[in-house]
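Everything on this sheet refers to the single structure shown next.
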Amino acid sequence: MKTVLKVLVAALVPLQFAMAHIEFESRIPNGDRVPNPCRDGAVWSDDKNPFGFDFKAAGQQWTADLCRKDSDGDGLTNGQELGDPDCVWTVGAAPARMTGLSHPGICPLDSATCKNSWTKCPKAFSCPAMEEPGVTVRNFTVKPTAVPTYEKMHLCQAFELNNTASPVHMIGSRPIMVNKNVIRHMVMYGCSQKPDQALFDSPQQCYMGSYPNCIELINLWGEGNEGECFSRFSGFRVGGEGFQYGMLSLKPAKTNGFINEAGLSIYFTSNLRPHDQGTLTYGELELILPPRRTVVNYNHTCPSVCTRSFHSETRYITAASIYMQSYATKGRLSLWRNGALVQDLVPLHAYEYNVPRVLLFDPPVEYRRGDEIKTECYYSTKGNNHSVLFGYGSNDETCLSFMHYYPNNIHLSPLAKLEFCNSIHGYNPCWNDTGITPHIENGCNITGLITGDGLKPVYMAMWRHQCFVSMGCSAACQEYMSNTLFPSNACFDPKRSLKALEYLYIRYHSPLSHQAKGYMNSMYPILKSCQNQIETLALLDQARLASKPAVNPPAVKSIPPADCNTGKPHEEVLTSKNLLVIIVVCSCLVFALLAAVLLLVVRIRKLRLRDSPTKLRNEQDEAGKEKVYNAYG
Ligand SMILES: *[C@@H]1O[C@H](CO)[C@@H](O)[C@H](O)[C@H]1NC(C)=O
Ligand SMILES: *[C@@H]1O[C@H](CO)[C@@H](O)[C@H](O)[C@H]1NC(C)=O
Ligand SMILES: *[C@@H]1O[C@H](CO)[C@@H](O)[C@H](O)[C@H]1NC(C)=O
Ligand SMILES: *[C@@H]1O[C@H](CO)[C@@H](O)[C@H](O)[C@H]1NC(C)=O
Ligand SMILES: *[C@@H]1O[C@H](CO)[C@@H](O)[C@H](O)[C@H]1NC(C)=O
Ligand SMILES: *[C@@H]1O[C@H](CO)[C@@H](O)[C@H](O)[C@H]1NC(C)=O
């Protein structure tokens with residue numbers, strides 16, 4: 001279930017996503033009043049600017065140093081430009097001056113002392129197609145409503161999309177927003193069946209993308225975005241055999257308040273474009289970014305076996321973007337054919353959550369059957385003390401890419417044409433749905449895990465290395481795992497595919513054979529316990545090395561493993577440091593067991609995965625509906 005939400009929630013992120021710095025506006029004096037030479041409104045220009053960098057370096061706070069600095073070099077300090085000449089302003093207070101403001105990061109366009117790195121203002125949103133004959137606009141706005149108090153809730157309202165007997169193409173949209181800063185993002189989903197009447201009457205609280213019959217993304221909007229303008233080659237079909245109903249899903253920016261009028265002006269043309277358009281969502285849905293790392297990297301590839309099997313034709317990509325959040329540092333999206341790079345769709349670039357890139361392709365990029373698309377995500381968790389997980393909160397992360405493509409076969413469900421190609425701990429369910437074996441990802445033979453053939457030799461080796469002689473991780477077992485198993489077997493290496501194996505084992509409806517489950521039942525607690533022990537020892541080693549760049553051999557390593565039954569190590573001298581290791585190791589074993597049990601319980605409740613693909617393709621019946629729903633969850 002959770003995964004259903006994730007995949008579909010993933011879909012909410014607009015292609016032209018531009019998260020405005022609304023949350024930061026309040027942290028600088030006159031944050032919401034500073035004129036932007038290019039566009040009235042936000043203090044933050046569409047381009048990165050020197051003040052933006054300085055603000056970030058100052059920890060996104062208005063400090064005296066930042067105030068006294070002249071970020072853009074125009075001769076005025078940031079404080080003078082922002083109406084706090086004496087650098088005394090604090091958050092919430094009234095600035096000394098509220099007029100005569102100028103932008104602290106952008107030189108006046110006619111400045112003699114400094115030059116902006118750009119010479120022209122960024123182009124404003126323009127979509128000539130919206131003015132063409134045959135184009136009509138209709139507004140879809142939610143009825144006035146209170147914002148849900150629970151942060152993760154969205155608001156959903158259903159609409160009838162078509163008002164003509166003959167089909168039209170949706171070609172773009174613009175946001176409608178009466179109160180600024182109330183909505184964070186909006187998505188219109190196309191529905192394959194009519195939603196419940198209650199959803200037409202008034203907005204309902206919902207989780208993003210939680211309606212199984214409404215999953216095709218047809219409109220995307222995010223803060224700072226002025227609209228969407230689809231390529232001249234394609235549009236989303238509405239009416240006729242296309243969508244008749246849509247579900248508008250809004251994510252409020254705050255947990256209290258009121259939405260007066262918000263929604264989308266959607267543009268339709270009766271002069272149908274040559275092709276029907278679709279949206280692709282690719283990425284990894286289970287990120288775990290460890291704390292205090294300067295670089296954490298995740299790559300996702302939509303495998304060739306999947307595109308060969310699910311695509312019946314060459315596709316053409318008209319737009320692409322990567323979506324990550326605030327820990328992201330770099331990103332790249334690339335197209336590969338027979339193992340060789342064809343081209344970058346989004347070249348490797350310094351990624352700024354606030355300054356997203358949506359690249360439009362005219363002519364469109366050819367995406368053939370069997371091609372692979374690779375999303376690379378890089379993060380830094382340097383300033384973070386806790387792990388960052390996949391999610392949409394401000395402390396979560398994502399690694400997703402969105403693409404528009406044509407031709408979209410509107411008779412197939414989004415799942416049957418692989419519009420969502422997402423992995424879970426590096427395991428791509430689409431591969432299994434092709435029925436092609438062996439399934440080998442990231443060096444791990446997943447087919448072997450499922451049959452148990454790949455588990456048996458490891459199980460035997462664990463016996464030989466005394467892994468089953470006692471509870472927890474024996475010395476010999478730990479030695480075997482850290483020196484042999486982890487380095488040589490990708491399926492068991494925590495840095496490679498161990499998470500995928502765990503996922504297959506503990507998920508609801510585990511696909512593991514009876515034999516494979518038997519092996520895992522014995523191996524799993526020991527594996528986790530040893531993994532924890534190895535990681536704890538490594539951490540202690542690290543900490544010790546950092547605190548004392550010692551000449552002595554590492555004390556921690558020389559301690560024989562503690563005997564948890566007696567609580568004593570096999571060594572005469574029991575130093576406090578040794579004691580610490582014993583405590584850590586022993587408690588770690590108990591913790592590992594508890595964690596394993598808990599994880600099992602939680603996961604069984606939360607996770608489901610795709611059912612048979614052939615059943616999936618048959619969505620006509622009630623059972624079919626359930627299958628589509630389960631397909632992501
Ligand atoms: C649709 O909304 C836009 C923006 O709020 C407004 O200018 C326009 O008049 C509306 N059109 C209709 C038909 O209500
Ligand atoms: C919308 O399209 C459907 C299918 O073509 C059609 O039956 C229906 O009458 C249309 N709705 C309106 C309001 O024209
Ligand atoms: C991700 O891809 C990049 C570029 O191909 C490569 O350098 C990097 O090692 C990959 N990272 C992982 C974790 O596989
Ligand atoms: C992280 O931990 C360190 C050391 O315990 C502490 O000094 C720092 O304030 C913490 N940082 C955050 C963001 O919690
Ligand atoms: C993967 O495992 C399957 C099932 O055990 C086996 O038949 C196949 O030969 C293995 N493939 C490789 C390349 O190891
Ligand atoms: C693969 O698909 C089959 C049948 O469609 C299903 O029974 C099995 O659980 C799936 N295996 C995995 C690993 O998802």
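Quick note: numbers below take in every heavy atom, side chains included, and nothing from hydrogens, waters or symmetry partners. Note that this is a predicted model, so its numbers are computed, not measured. Numbering of ligands and ligand atoms starts at 1, following listing order.
- Close contacts between ligand 6 and Tyr427 involve ligand atoms 12 (C), 13 (C), 14 (O) [criterion: under 4.0 Å to a heavy atom].
- Note: no N/O pair closer than 3.5 Å links His509 and ligand 6 by distance alone.
- For ligand 2, none of its N or O atoms has an N or O atom of Gly239 under 3.5 Å away.
- By the side chain to side chain donor-acceptor pair (under 3.5 Å) test, Arg237 is found to be paired with Asp276, residues two or more places apart in sequence or in another chain being considered.
- In this structure, CD in Gln193 is found 9.0 Å from SG in Cys214, a value given to the nearest 0.5 Å.
- The residue Trp431 has no part lying near ligand 6, judged by heavy-atom distances below 4.0 Å.
- The aromatic rings of Tyr379 and Tyr298 stand perpendicular to each other, their planes meeting at an angle above 60°, with 30° marking the opposite boundary.
- Around ligand 5 you find Pro438, Ile440, Asn445, Gly448, Thr451, Asp453, each with a heavy-atom distance below 4.0 Å.
- Remark: Cys473 SG to Cys467 SG, distance not under 2.5 Å.
- The part of Asn163 lying near ligand 2 is the backbone, judged by heavy-atom distances below 4.0 Å.
- Cys306-Cys430 SG separation is under 2.5 Å; the pair is scored as a disulfide.
- Under a 4.0 Å criterion applied to the non-hydrogen atoms of Arg507, ligand 6 contributes the atoms 12 (C), 14 (O).
- When only interatomic distances are considered, the shortest N/O to N/O separation between Asp433 and ligand 6 does not fall below 3.5 Å.
- The aromatic rings of Tyr519 and Tyr459 sit tilted relative to each other, their planes meeting at an angle between 30° and 60°.
- Below 4.0 Å from some heavy atom of Ala165 lie the following atoms of ligand 2, by number and element: 5 (O), 14 (O).
- Using the six-membered ring where Trp is involved, Tyr406 and His275 have ring planes that are parallel, under 30° apart on the 30 and 60° scheme.
- At a 3.5 angstrom cut-off on N or O pairs, Gln244 does not count as close to ligand 2.
- Under the 2.5 Å cut-off for SG-SG separation, Cys421 and Cys302 qualify: their sulfur atoms lie closer than that.
- Each of the atoms 1 (C), 2 (O), 3 (C), 8 (C), 10 (C), 11 (N), 12 (C), 14 (O) of ligand 6 lies under 4.0 Å from some heavy atom of Asn432.
- Side-chain atoms of Trp221 and Val187, non-hydrogen and from C-beta on, never get closer than 4.5 Å to each other.
- One finds the CG atom of Asp371 at 6.0 Å from the OG1 atom of Thr307 (value rounded to the nearest 0.5 Å).
- Cys444 pairs with Cys491 as a disulfide, the SG atoms being under 2.5 Å apart.
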